[in-house]
Every structure is written in structure tokens, then in C-alpha cells.
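Sequence lines set the chain letters: A, B, ... in the order given, protein chains first and strands last, and positions in each chain run from 1.
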Protein chains: 2
Amino acid sequence: MTQNDFDDASELIDSELDADAPEAPEQARLGRKRDHTRDPEILEAALDVLAEEGYDGMTIDMVAARAKAGKATLYRRWASKGELVIDAVACMKKGDLDHARLPDTGTLRGDLVAMIKPRSMEDAERKLQIMGGLMSVLSRNPELSDAINSAIIEPRAEVNRILMRRARDRGEISPDVDIDALALVSPSMASYRTLVLKKPVDREFLISLIDGVILPAAGIRSPVGA
Amino acid sequence: MTQNDFDDASELIDSELDADAPEAPEQARLGRKRDHTRDPEILEAALDVLAEEGYDGMTIDMVAARAKAGKATLYRRWASKGELVIDAVACMKKGDLDHARLPDTGTLRGDLVAMIKPRSMEDAERKLQIMGGLMSVLSRNPELSDAINSAIIEPRAEVNRILMRRARDRGEISPDVDIDALALVSPSMASYRTLVLKKPVDREFLISLIDGVILPAAGIRSPVGA
DNA sequence: TAGATCCGAAACTGCTCAGTACCGTATATA
DNA sequence: TATATACGGTACTGAGCAGTTTCGGATCTA
């Protein structure tokens, strides 16, 4: 970023003198229709580039090329690079883990270990790379900051909070345990390991984190036995 | 960053056909001498800008202006923006905590708490901001990555390792404790809190981290009593 | 069929910024 | 004193990139 690609957030309310991007509510529009099935493809392309190059390294041409789309197509749908990125980040929120069908093994350790799945780990790694690429912009863009927060940060912590609340409710851990703080241990350490130490967040690391830090901090002693 | 400001690392060996920046070993050079007392001032200015703007937001003009120096003066001393930044990061290493005079209160908790000083906390916050500003570049620049590692990351972890080894040697914590992993808990969580959550790493947070996570994970139960 | 809008592709515009060149001045050696 | 270099300041150069425009072709409504 050189100046501020997020400036033009002042949306024209509805007058829409634009030839392009009219979005009149339900009026039958003239001419060829915009192919909205391409939106997610473009956003995914943006996320790929973002993860690889970071915000400042990402160019609209890269995104267009990867999505096999024209640059004009992108600008017909998003007013600026900044808005494209915000949308791309926000669209990660969908397809998140369902809170309804989280593991429920009866023990906190069982639940935490059950969360370790190859699929969700790849997913998490990519999200962290994206966050890393947006880090320097984050400080000066509250809207993007919010998007990152609700798409990446909060969901991660919330899952841990749910599992720990359950453990508290069934008496497995003490009511004195600071669940909000403890739920941030694994997101923090996984982020640090990925972005700073540049080491893999693999099953071994996560297990030793659970048994060596989280469970002891929750007041559960033995690593394996119930 | 647009392309790669770090390319020109191929230093001319010693022939130095340059008019500027000759640095002939000990030969009495002609003309006005370079004022090397300005080096640290310029590097400090670079770190300030880096912390505020990040790598891509930082311009050479900003650094020169803040250091009240000419742009040519900077380019006489560093071949590129990339090399300036690497030097600036590396110069943070100096003035680090002395391993010789770390707190030694007799308990791990006492030592960890004694590390919480307003001065070192401001210092740490600035270093984290700098790291955040360099995050997206870090992935594609091993040299800078190494500089960050030895100037910011390692020193932080090393202090914790020393204090924990002492605690182990005096029998306060079990030899089974994974000190290398545990020493990364506070750096990880402080980084996450500062850069991602954007909350202050204050005394209260650090105390609850020590009593709620680190000491329990080290197998020490009571928060206060020995 | 006619007109409007979409599409991908590519040329074009305008700005920012890394890096260079040059100025007048200050300070060093010989 | 003459020469060489450093200094702060400023103008310049060239590249990269956000955003716009244009084009030929496809697809929609009327």
C-alpha cells in the first residue's frame, strides 16, 4: 500500500448514475447479467495471492490473472483493492466449523485432540498466512481489522471457549479457571509458531501444547489418564 | 515493497571504485570524514518509522526527514532500503538485557514477576510493532528473518529459558517440564495480544499469564504461596 | 433485431517511491 | 591553498501499480 486504498468507503446511497455496477434493487436490468458465480472464485484467488504475497505484494493484476478474469471485471464488482480484500477476508467466515457439531468426547482433552484434523490444520495455516500478510495494514484499518477478527480470530477462540465451558459445566475443571484467557493460548502459540518461528503447527506440536500447557493450566494433571 | 529491495547484497569485495562509501581498511582517506555518530541516529529513525508504518509504508524520505539527514547521506551508507532495514533491526540487539544481571529472587515466580518493568515493556511493545511491520516481508527474506530472530525473538525466549533452567536446577520444577516450549508461551501470547488483539500487554495481563498459565504448566500450583 | 450490459484483454493515466545526480557548503588531507 | 569527500537539500529518472478506458465479442431484455 502506498496511500490508502480503503478511502472510497463513502458509498453513493442509491442514485447510481454509474453505467456499471448499478445494483438497482429488484428492477429487471437490461443487458447481459453479471455472473455472480464468479464472485467466490475471484475472492478465493485474492485470498491465495494475499497468503503468498501479503497485502502490499498483492496486485489487482495478480488476482485477475489467477481468477482468469479481466481487471475491469474486478473493478465492476469492487470499488478498490481495499474493498476487495475486506470482502475476501469476510468470505472466509463462511464454511467455518459448525458450533453445533463440535466434538463431544466427554473429556476436555478428548475434545481438544479431536479438533486436530489435517483439513482444519491446512485451513488454519492458510488463514494465519493471510493474517500475517495483512498485519502491517491492520493497524491503520479498523474495518479490515474487524473483518479479520470476526473471520479468523474470534471463531478460533470461540471454539476453545465452548469446549472449556462444557468441561467446567461437567465439573472437569474448576470454575476459577480463566477460560477467556486460556482459550487464547493455542491461537496465540500457533500464530507465533507459524508466522514468527516459521515452524509447522503439526499434530505433535498441538498435542504437547495441550498436555504441556493448556490442561495443566486448567488444573488437569495427568497427560493421558482421565 | 514492490519488487525486492534486498537484491543488491552482492557486495563489491574490496576494490571499491566507488567515489562514495570507500571504506578502505585503515588508509588515511582524503576529504571530510563520514560522521559515524549519525549512524545510530539514522537507524533509530528507521526503527521509529518502521514501527509506525511497516516496511512497505516506510519511505527513505521519511527516515531521512526524521533523522534530519539528506537522502544522499543514507544512500552513502546503505546500498538499499533493504540493507538499511536489516541494519536497523540488527542494531536493536545491542542494549539488550544482560544475561549476567537477570533477577534472581529464589523462585521462578519471583524472577518472572521481576522481569515486568515499565521500561522493558515499552521496549518490547516497540519491538513487536516493528516485527509486525516486517511480518509480510519476513516470509520472503531469510536475511531479514535471521536479523529479526536474533534481535527480537531469541533474546526474549532465552531469558525465560535461563530463569526456568535455574528453577529446574534448584528443584523448583520437574526435569520433565519442556522448558523450550514453555519459554515461548509469554512471547507468543504477548505478540498475539499486541499485534492481533491490539490490547495492551500490561502488568495485570502478564501476572495472570504467569499465575494462570506458565506456573501451572510448570507444575507449580499455588499462585502466591511458596 | 436493437440497445444495454456483461465478459476478458490490453492500452493508457497518474501517482508514489527507490535510487541517482547535482547544488552550495563544511571539513578533512597534502 | 588546492583537492577530495561528506553534509543537507532538491530535482530528476525509471519502474511499478491502482484505477480507467477502450475494444471485440457474448448475452441479456424489449
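For the pair B:I42 CD1 and D:dA6 C1', the interatomic distance rounds to 12 Å; values are reported in whole Å. With rounding to whole Å, B:R38 atom CZ is found 16 Å from C:dT27 atom C1'. The nearest whole Å value for the distance from the CZ atom in A:R66 to the P atom in C:dG8 is 17 Å. Remark: C1' of C:dC17 and CE of B:M58 are 12 Å apart, rounded to the nearest angstrom. Atom CG of B:L84 is separated from atom C1' of C:dG19 by 13 Å (rounded to the nearest Å). The NZ atom of A:K81 sits 8 Å away from the P atom of D:dG19 (whole-angstrom rounding). Rounded to an integer number of Å, the gap from CH2 of B:W78 to P of C:dT20 is 16 Å. Rounded to an integer number of Å, the gap from B:D61 CG to C:dC17 P is 8 Å.
Residue A:R76 places its side chain closer to C:dG8 than to any other of D:dG19, D:dG8, C:dG8. Side chain of A:K71, nearest nucleotide from C:dG8, C:dC6, D:dT20: D:dT20. The side chain of A:R32 sits closest to C:dC6 out of D:dG8, C:dC6, C:dG19. When the nucleotides D:dT29, C:dT29, D:dG8 are ranked by their closest atom to the side chain of A:L30, D:dT29 comes out on top.
For the pair B:I60 and B:K33, nearest-nucleotide mapping onto DNA chain C gives the more 5' position to B:I60. Mapping B:G31 and A:G70 onto DNA chain C by nearest heavy atom places A:G70 at the nucleotide closer to the 5' end.
Contacts of A:A67 classified as side chain to side chain contact (heavy atoms under 4.5 Å, CB included), with partners at least two apart in sequence or in another chain: A:R38, A:I42, A:A45, A:A69. With sequence neighbours excluded, no residue satisfies side-chain hydrogen bond (donor to acceptor under 3.5 Å, both in side chains) with B:N149.
Figure legend: A:K81 and A:Y55 shown as a cation-pi pair, the cationic atom lying under 6.0 angstrom from the six-membered ring centre and within 45 degrees of its axis.
For the side-chain contact (heavy atoms from CB on, under 4.5 Å) with A:Q129, the qualifying choice from A:M131, A:R126, A:E125 is A:E125, the only one to do so.
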For a side chain to side chain contact (heavy atoms under 4.5 Å, CB included) check, start with the C-alpha distance between A:M58 and A:V85, then their side-chain angles and the critical distance, and finish with the verdict. CA-CA 10 Å; A:M58 157 183 162; A:V85 168; 3.7 Å; yes
